[in-house]
> 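This is the structure, below, for whatever I ask next.
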Amino acid sequence: MSAGGRGRLRALGLVLPLLLFILVTFVAPLATMLVRSVHEPVVADALPATVAALAEWDGESPPPEAAYEAAARELAAAREDRTLGRVAGAVNRVRSGLRGVLTRSARSLGGVTEGPWRGVMEGIDDAWADPATWHAIRETGRRFTSRHYLNALDMRRLPDGSVARQPEERRIYLPLLRRTLMVSAAITVLCLLLGYPVAHLIAHAPERRANVLLALVLIPFWTSLLVRTTAWIVLLQTQGVINDVLVTLGLVGEDGRISMIYNMTGTVIAMTHVLLPFMVLPLYSVMRAIPRQYMNAASSLGATPAQAFLRVYWPQTLPGVGAGSLLVFILAIGYYITPALVGGSSGQLISNMVAYHMQTSLNWGLAAALGGILLAGVLVLYLVYDRLVGVERLSLG
């Protein structure tokens with residue numbers, strides 16, 4: 001083997017552990033999430049004969065006797081196999097109330113050996129006479145489905161196969177997604193307004209003072225996120241430090257204390273504090289590389305300080321502005337702990353709903369669909385940035 005070939009193999013050996021780490025910790029979980037958002041074989045695996053019997057059903061008249069018989073036998077078998085809970089949960093997500101119908105029917109059908117099955121099942125529960133029950137079973141019986149993405153967009157599939165919006169009282173995900181995007185944009189703007197002068201001060205301070213200021217910016221990275229968020233609870237609560245100071249100064253009355261926690265105000269303040277370093281550091285790295293003579297040259301040519309800043313300094317800092325804004329915005333739309341602790345019911349973001357479906361409702365398909373929509377939004381944002389500014393101008397220092 002030539003020296004060049006050995007060099008390439010050595011380089012591959014050095015990079016291989018990193019590639020495996022990225023594959024195991026990032027690519028594989030991401031692929032699993034995307035597959036789960038469209039693949040849900042629980043009902044199809046447990047009730048294959050029932051789903052097959054409903055394939056040619058017109059959706060209006062009662063299902064054929066074969067569907068009743070298949071459902072009766074397979075529900076009883078699912079109860080014996082201990083898969084009935086998962087099946088009932090999946091069907092219940094399409095039509096509320098069917099969990100109890102399926103579990104009660106499976107329990108009652110355990111000792112039944114002969115039909116007519118339609119009369120037996122309708123005698124157990126009147127829901128079996130409702131076509132909507134069978135629509136729910138047929139809908140969840142598809143192995144590959146767009147149902148989760150439709151739900152994530154507050155849409156639903158009607159029995160005739162068409163798509164319509166959810167009833168107004170069930171439209172929760174699009175308003176929550178809009179709130180997440182608006183809050184993330186507001187936090188990005190706040191971080192830029194606060195971080196730009198801080199980065200400018202650090203970049204143009206003497207080296208010793210700049211090191212101290214930079215250390216102060218980095219302090220949040222050395223402190224637990226939970227500790228930082230809890231500190232804001234102490235500061236912002238109605239009987240907290242900030243309200244006490246305002247009352248002492250006479251700016252508000254004792255009975256007029258400001259509610260700044262467990263709402264959107266608390267979420268924005270706490271997240272801005274947490275994410276501010278991600279704006280300051282890219283800006284600082286870019287500003288440090290800008291020669292100071294540029295501003296002096298602009299002034300000597302007759303430009304006012306404002307003109308020199310807007311036409312000379314600001315354009316050169318745009319790579320840092322873009323990098324910091326992307327970092328802050330992308331991190332903000334996926335934040336979970338801070339809104340959960342300080343947001344209350346009105347300060348929750350889409351990430352909290354993803355966590356709810358992962359941990360409480362166990363609707364992993366819907367959680368994966370919501371995550372997939374967030375991922376698509378981030379990719380669109382990246383492509384827009386690349387088209388308008390150019391990703392080659394993005395600088396992280």
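Heavy-atom basis, side chains included; hydrogens, waters and symmetry copies ignored.
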> Filter on ring pair (Phe, Tyr, Trp, His ring centres under 6.0 Å), then keep only pairs touching residues 61-80, sequence neighbours left out; what's left?
Y68-W134
> Got a donor-acceptor contact below 3.5 angstrom from the T317 side chain to the W314 backbone?
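Judged by distance alone, yes, a pair lies under 3.5 Å.
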> Under the ring-ring contact (aromatic ring centres under 6.0 Å, His included) test, which residues partner H273, sequence neighbours left out?
W232
> Closer than 4.0 angstrom, basic N to acidic O: yes or no for E40 and R142?
no
> For the residue pair H135 and W57, is the inter-centroid distance of their aromatic rings smaller than 6.0 Å?
yes
> Under 3.5 Å, is there a donor-acceptor pair linking the side chains of W128 and T133?
no
> Whether D125 and R104 form a salt bridge (side-chain N of Lys/Arg under 4.0 Å from carboxylate O of Asp/Glu) is what I want to check.
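Answer for the salt bridge query: yes.
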> Residues two or more places apart in sequence or in another chain: which of them pass side-chain contact (heavy atoms from CB on, under 4.5 Å) with N352?
Y336, P339, A340, Q348, L349
> With no hydrogens and no angle check, do the side chains of R157 and S146 hold a donor and an acceptor under 3.5 Å apart?
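A pair is found: one side chain offers a donor N or O, the other an acceptor, under 3.5 Å apart.
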> Can you confirm whether the side chains of S361 and Y356 place a donor and an acceptor under 3.5 Å from each other?
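No - no donor-acceptor pair under 3.5 Å links their side chains.
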> Return the orientation label for the Y313 and Y196 ring planes: parallel under 30°, perpendicular over 60°, tilted otherwise.
perpendicular
> Taking V227 as the starting point, is it possible to reach L235 by hopping between hydrophobic residues whose side chains are less than 4.5 Å apart?
no
> Check D130 with R95, please: is the shortest side-chain N to carboxylate O separation under 4.0 Å?
yes
> Between T223 (side chain) and I219 (backbone), is there a donor-acceptor pair under 3.5 Å?
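Yes: the side chain of T223 pairs with the backbone of I219.
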> Going only through I, L, V, M, F, W and Y residues with side-chain contacts under 4.5 Å, is there a path from V27 to V15?
no
